[in-house]
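So that the names make sense, note that chain A is the first sequence line, chain B the second, and so on, each numbered from 1.
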Number of protein chains: 2
Amino acid sequence: MPYDPSAFPPFAVTVDLVVLTVRRHALCALAVRRGEAPFQGRWALPGGFVRADEDLTQAAARELAEETGLLAHDPDAPAQDNGAHLEQLATYGDPGRDPRMRVVSVAHLALAPDLPAPRAGGDASNARWAPVEELLQQGGYGRDGEPVAPLAFDHARILADGVERARSKIEYSSLATAFCPTEFTVGELRRVYEAVWGVALDPRNFHRKVTGTPGFLVPTGGTTTRQGGRPAQLFRAGGATLLNPPMLRPEV
Amino acid sequence: MPYDPSAFPPFAVTVDLVVLTVRRHALCALAVRRGEAPFQGRWALPGGFVRADEDLTQAAARELAEETGLLAHDPDAPAQDNGAHLEQLATYGDPGRDPRMRVVSVAHLALAPDLPAPRAGGDASNARWAPVEELLQQGGYGRDGEPVAPLAFDHARILADGVERARSKIEYSSLATAFCPTEFTVGELRRVYEAVWGVALDPRNFHRKVTGTPGFLVPTGGTTTRQGGRPAQLFRAGGATLLNPPMLRPEV
DNA sequence: GTGTTTATCGTCAGGAAGACGACTATGATC
DNA sequence: GATCATAGTCGTCTTCCTGACGATAAACAC
């Protein structure tokens, strides 16, 4: 491998973000409207250039903070504060994925609890939380009957990969708690699983599973009735990051 | 996200390869000796620049072919031919990971059956299969008593990530068959698991598990005694790529 | 033949999960 | 205030899977 610094093609490197949250029982992703060509006016994933002195993770955390105000915390640290989970997803570098120049995008996956309305540089109309199914359907019609344009660039593929990563990772890790506020009930955690997987889970078996896994949930002592019905115990995420044996995703 | 093509810092983009195989009951990785500074004379992972008209996967497949002669096949296709499994691993882009310039490396993971001696541009002394434990130990001594220098750049980290990916992925997928030739026995497959995980598995329970999983193994009708002992049935990898329920890795 | 090696089949106990009954403690409705 | 709807929590039972391990089979070495 001769390594000639004068003989490499220059690339632009960006980070794109798949920011997921659960709103109204649906898995939603953050989308921003593009202000310039190409794909002007179309929805896209938030992202931007990596700066010259910046690590890839730093760039992703900076973009996340700019778009949502969320602070990222290290994926290896337990989700104690109310920051978002952030991890690298994959890298997309097809020549021609950006018509202007050769751009390699290092996509990152961020998981956040339900948030107030997003802000994209202060302009709310240019950023929104959209159900991932709406963003991924090709040329259909949204809930409001308006035609849905596919996401810009290859962002539909990136979003699909991020959603699949989240769906599989909550099986064997405690990552689902990243969608919950600091204190949450077993039922709220179950509704996260149901929204991400799009299935219904048995509340009794789910309760047995999560409370029976050592280190997964820590009771805080409090209770809440914010979901109606009988008061539920409040928990925090425990130190355990791996779920063994995993939570089984029902097939079909 | 203002997107000004004149205002992005230029990056060099490379692919680095973690090529794993199983030799003599040990998980081994392909290492090449560096001919130039920095890290001249040190061992490193094979890799090279992504060309201007090349996809990232194409670049990785090209490097793999140059180093080993192996043809990569699509990760989504079943491992039918005797090509190698190739998938993207992760991307490493710390400023300063290469002292000369800003390099972002998209690491790929390749799994291959046991091969003849490697060739690095025709020079055998500059490429070798080394047990991953030997490559990952920091400043220890190899089997021959010579001091072991750590891998160049951040390649130890990349290799460790690749090994961890392989270790976890053979749990829930049929990826272990990528380490085997086209036809193999249950015992040979078990020795792959034992080498990758570094544990001993019960031959009877392993046999029950792999032969009882529908679509995992397809008997070819033949038998072999190449391992000694009673003749063993020969199998090919079946179409199933996911193992459900997964193969459980013994703890400790 | 005897011993060794590897492959393969069987048995049994323990653990986890799916299905589901039963009970509890709230707020909402009449 | 009684009743109802809602959500949470505890148990039970059956089934499946795994880990431990005995037993048999078919080759080779001597």
Indicate whether the side chain of B:Tyr92 and that of B:Asp16 have a donor and an acceptor atom separated by less than 3.5 Å.
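No - no donor-acceptor pair under 3.5 Å links their side chains.
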Go nucleotide by nucleotide along DNA chain D from the 5' end; which of B:Gly229 and A:Thr185 gets its closest nucleotide reached first?
A:Thr185
I want to confirm an ordering. Mapping A:Gln233 and B:Pro231 to their closest nucleotides on DNA chain D, which one lands closer to the 5' end?
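The residue mapped nearer the 5' terminus is A:Gln233.
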More than 12 heavy atoms from other groups under 6.0 Å of CD on B:Glu133:
no
On a plain distance test, is the side chain of A:Arg208 in donor-acceptor contact with the base of C:dG18 below 3.5 Å?
yes
Using only heavy-atom distances, decide whether a donor-acceptor pair under 3.5 angstrom links the side-chain of A:Arg230 to the base of C:dT24.
yes
Whole-Å distance separating the CG atom of A:Leu234 from the P atom of D:dA7
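So the two atoms are 17 Å apart, to the nearest Å.
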Rounded to whole Å, how long is the line connecting atom CZ of A:Arg204 with atom P of C:dG21?
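A:Arg204 atom CZ is separated from C:dG21 atom P by 7 Å.
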OP1 or OP2 of D:dC28 less than 4.0 angstrom from a side-chain nitrogen or oxygen of B:Arg226, does that happen here?
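No, B:Arg226 has no side-chain N/O under 4.0 Å of OP1/OP2 on D:dC28.
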Using a strict heavy-atom distance below 4.0 Å, which residues from residues 211-220 of chain B are in contact with DNA chain D?
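The answer is none.
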I'd like to know if A:Glu67 and A:Arg128 make a salt bridge, using a cut-off of under 4.0 Å between side-chain N and carboxylate O.
no
Under the side chain to side chain contact (heavy atoms under 4.5 Å, CB included) criterion, do B:Arg191 and B:Phe184 qualify, and how do the steps go?
CA-CA 11 Å; B:Arg191 279 180 277 277; B:Phe184 54 90; over 6 Å; no
Which angle, rounded to 10°, do you find between the first-five-pair axis and the last-five-pair axis of the helix from C:dG1-D:dC30 to C:dC30-D:dG1?
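Terminal axis comparison yields 10°.
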